[in-house]
Amino acid sequence: MLDTPDAVMAALRDNDARLYGRTRTVTAEELVDAAEQFDDTGVRSMALLELMEAYEYDGERGKSPVVFARVLKLWDTDPDGFGDWARQQVLWRFKWVADALKDTPDVPLAAIRRWHTELRDRYRAAGHDLQPYYAQRYHLAAHTGLDAQDAYELWAARPRSELSDCHACETRARARHFLAAGDDARALETLAPVLDGRSGCEQEPYLSQATALLAQLRQGRLDEARSGHLAGYRYARGKASMLHAVGLHIEFCALSGNEPRGLELLAENRDLFAVTGEPAARLDFLTGVEVLAGRLARGGHGALAVSGPAGGTWTVDTLLAHLRTEADALAARFDARNGTAAVGAARRARLAVEPPLAEPLALGVRAAAAPGLSAAPAAAPAPRRAVEPEPEDFTALVLRARELELLGHPDSDRLWKRVAERVGTAGFVHPRSAELGGPERLRAELAEQRAHEALQRDAYAEGKAGLLAAAELFEEAGLAGPALMVRTRALIADLDEHDGPPGSDSGEGGEGGEGGARRADWAALDAALARAEELRAAGELADDDYLIVLQTRSYAAHHDLSEALPEPADEVSGRFEAVVGAYRRAAVRLGSERRAATSRQYTADVAARQGRLAEAETELREVLAQLDAAELPWHTPRVLGLLGQVLLQGDEPGEAVEVFHRALAEAVRWGDDSYPYAPTYMMLGHSCLRSGDLGGAVRALSEAAARYDRKGAEAVEEAAQVRLQLADVLRDTGRAADAVAVLESVLGDASAARLDVRMLAQTRLDLARGLGELEEYRDAAEEYLRLADLVAGWEDQETHTMVACEAALALAQADRWDAAEAALARAREAHGRAPQVNQLAATLREFARLTMRERGAEGLAAALALLAEADAVGEAAEQRGEEYDSWYLRGGSRYERARSLAVAERYEEALAEVERAIPEYEAGGERAESPRAECVRLAALIEGSDLGRAEAAVARLTAGIARCEAVGLPEAAEALAELRERFGGE
């Protein structure tokens, strides 16, 4: 019952602990009504200030001026009824009202300027500096476009004062001034203290991260842009108070080539279309969405279904029309109020921006492409070589396509596609030409090309069927040689569900290097070879078709040997050597440098797989020289890719990085769409990681994940595995929010259901730990509980024990104590089935610490009981003969018991207990030196601060410092030295 002022104040405190949103706002409105029943200025003012804050952070800023008018009335009537905090807030929130008036087009400029005068007079009367007044004048000038530079200088030249906006928010305002002037570099330099964490507030660095995104793209600071988007959007997602920032993130997706993710963001924030209480922020949001819709419409996706305002069904075209109508009208209202064209001009400038990047920026997060959108052409990179011209004459076009195919030139695919388009046009007539041959041959060749395209996208059954159909067409055309070659290829088309060896150019593999479980049909392959020899003797099999038969056999021999490793049977090894040797000899005899190089790649790959790395490296470098001498540079990317793997395996990651970069650059240069980009980027990431280039690892792994996504459903697990690795790297670089965003994207769509259950469990575990690191304990606890359900039936019950322990701690940290106790009970039960001694003991110790934090001295008995239980867990393990870190368990319990006793002000007992912890840790040797040093610090703190024995504390610290320096713990020594200085020691 809210029938006393104290009850209302208690309810206000409870509401202040809630997250911003409708629940907090509605409750604040109810509490204002409850406070009005009392003639108590303190209670009424606090209720009104709480309501104003709720509006400020719930997208209802436009309501703030009315509430503040009631606050001022109370202030002018009974200023002594305001507490110290409320007095300061009254002056502070004059600025909130100024912003709300500026951002509402129905408020006349004259009224805004009168309010500025009111703010100035109130601040002056209270003895405050006028820097905040000049800041508000600048914000209005920047909004209207009137004398903005003069207003900026008047504001920026003044020192900050007590009532100035927080440093981070002022920094963002200064950066936006430079962005408006087109000076991206200076804007980013200005934002640096906020973006690197030196300055922050309730909504920073998140607003600044959104503000910086496009400038970072334009300046080529792509790693920062990626990180700012991942971390910044996680905070902004779904928040009405971050409406402007959400619009910027959607716009960023559109302009960085990530339209599918932009659509996901739009869907996640659909409810924000209903936020109308901040017209300026709404205009920013609508414009950001319009940038995305405009990009999609211009890409030919106007009919694509998208999210939009509730109550309607939307396509890109209908949403775009709606956005233009509303946003243009809203901008016009601002410009009419201001008497300038500044707002409309700024909006038009945003809509006119073109993507600054030639290719999409890989963000690392998964985005499920909308139907029809994945086919949208990406922005083409600047051409790096002259592409093969397309002859206008049809016969010449076909002959050139055949010639380039014989050379393995990547442009042959493009020419064959053009041939297919020409044949498919209405009224096409096959030319009569002896060189070209009849239409039957061309139909067979086009069928073969379609089969190869299917195999490149890992559609094995379709590809095999296509090859067999092409063989029949060749036979109908009287071309027995090509028919045999194609049928032979079909024998290995579905040999495995993975891809060919990294160095292979057989055409049967796409991206990857691991073999499947099948074995080659050697009876059929031997029969194919015998038939090839017959046709060759009869002059019906061309040299290259014959070599393809031999290469197909080599591919099969390589596959079987790879499957049999590490201990292949003599028959398998002997067959590989014989088959690949025959292929190589024939290629040399027939003068095919291309095929000879391919045979050597098989040999090098097997050598690498068997650990003969020097041999593999030598072979591959000779192959590169051979291709260079033969002027076949388009075959080098795959050789370089294999060489990079050999170097990485041989612990030469720095050189591997260079080689992988060369491989990718050459593949792009020659337009080789079948090149295994995804695994190459993944291995580049591993190489960067091992060479210490964490930024390079993030870039490469992000690109690898994006490339796997493009392969569709069959590469979901590969993409997820890369993202797990990416999240590890991000966490190692201190970017926990980025890592969490990546992991959330793995679990965030239907593709998660296709993941292996252990990979799914690992992803949930990593996500839960990441959320805990971000202190998002409620979400972490939910992930742990989902994970516990997932692993409950596993035979590996140690995992269940570990998960239950971590879930219990997350729930306790989230102040969900009943659920935490239940989870701890499950952890005890799981430990009984599958002991995890160190884990459970650590959980009990942490529970004791959290109990003391929550309950203070009243929680001492419960904390001591938990610590006694932790000791008992170790004793029981010892009786069972189980291995565990006894020194760490016993030392940790004594240390935590000392801290608990100190919180309860039982200082002598606390000191005695921490002194007992020190020898326990000493039993752990070098590993225990760091926790031992912490015990020394705690003992000295109790001794010097709580018991007043400064001299004894200094002596203890001096000995501890010497020991830390001797064992190589400089940071611990420094911490002890700082404490010694507090106690007057030197």
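Throughout, residue positions are numbered sequentially from 1 according to the sequence presented. Here the structure is a predicted model, which means the values were calculated and not measured.
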Would you find more than 12 non-hydrogen atoms of other residues, nucleotides or ligands less than 6.0 Å from Asp3 atom CG?
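Yes, enclosed.
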Taking everything shown except Asp33 itself, do over 12 heavy atoms lie less than 6.0 Å from its CG?
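Atom CG in Asp33 is packed in, count exceeds 12.
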Just by distance, no angles: are the side chains of [X] and [Y] close enough, under 3.5 Å, to form a donor-acceptor pair?
{"X": "Asp789", "Y": "Tyr784", "answer": "no"}
{"X": "Glu878", "Y": "Tyr884", "answer": "yes"}
{"X": "Gln88", "Y": "Asp84", "answer": "no"}
{"X": "His831", "Y": "Thr801", "answer": "no"}
{"X": "Gln203", "Y": "Ser241", "answer": "yes"}

Drop me the distance from Asn838's CG to Asp885's CG, to the nearest 0.5 angstrom.
4.5 Å
Nearest 0.5 Å, what's the CE-NE2 distance between Met802 and His800?
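Here the interatomic distance stands at 10.5 Å.
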Under 3.5 Å, side-chain donor or acceptor atoms of residues 850-864 against the rest of the protein: list the pairs with distances, not counting sequence neighbours.
unit_1, atom_1, unit_2, atom_2, d
Thr851, OG1, Phe847, O, 2.7
Arg855, NH2, Glu858, O, 3.3

Using 4.0 Å as the upper bound for N to carboxylate O, is an ion pair formed by [Y] and [X]?
{"X": "Asp728", "Y": "Arg731", "result": "yes"}
{"X": "Glu29", "Y": "Arg24", "result": "no"}
{"X": "Arg22", "Y": "Asp58", "result": "yes"}
{"X": "Glu783", "Y": "Arg769", "result": "no"}
{"X": "Arg234", "Y": "Asp738", "result": "no"}
{"X": "Asp756", "Y": "Arg758", "result": "no"}
{"X": "Glu869", "Y": "Arg828", "result": "yes"}
{"X": "Glu744", "Y": "Arg237", "result": "yes"}

Which class fits the ring pair His249 and His229: parallel under 30°, tilted 30 to 60°, perpendicular over 60°?
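Judged by the thresholds at 30° and 60°, the geometry between His249 and His229 is tilted.
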Might you point out which heavy atoms bring Trp887 and Arg927 nearest each other, and give the distance in Å?
NE1-NH2, 3.0 Å
For Cys169 versus Cys201, what's the shortest heavy-atom pair and its separation?
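Result for this residue pair: SG-SG, 3.7 Å.
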Measure the shortest side-chain to side-chain distance between Val914 and Arg897 over non-hydrogen atoms and say whether it is less than 4.5 angstrom.
no
Contact between Gln209 and Leu248 at the side-chain level, heavy atoms closer than 4.5 Å - yes or no?
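They are not in contact (no side-chain heavy atoms under 4.5 Å apart), so the answer is no.
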Kindly say whether Ala168 contributes a backbone atom to a donor-acceptor pair with the side chain of Ser199 at under 3.5 angstrom?
yes
Is it true that a side-chain atom of Ser893 and a backbone atom of Arg890 form a donor plus acceptor pair closer than 3.5 Å?
no
Among residues at least two apart in sequence or on other chains, which ones pass salt bridge (charged side-chain N to carboxylate O under 4.0 Å, His left out) with Glu829?
Arg833
Partner set under salt bridge (charged side-chain N to carboxylate O under 4.0 Å, His left out) for Glu896, not counting sequence neighbours
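Glu896 satisfies salt bridge (charged side-chain N to carboxylate O under 4.0 Å, His left out) with Arg899 once adjacent residues are dropped.
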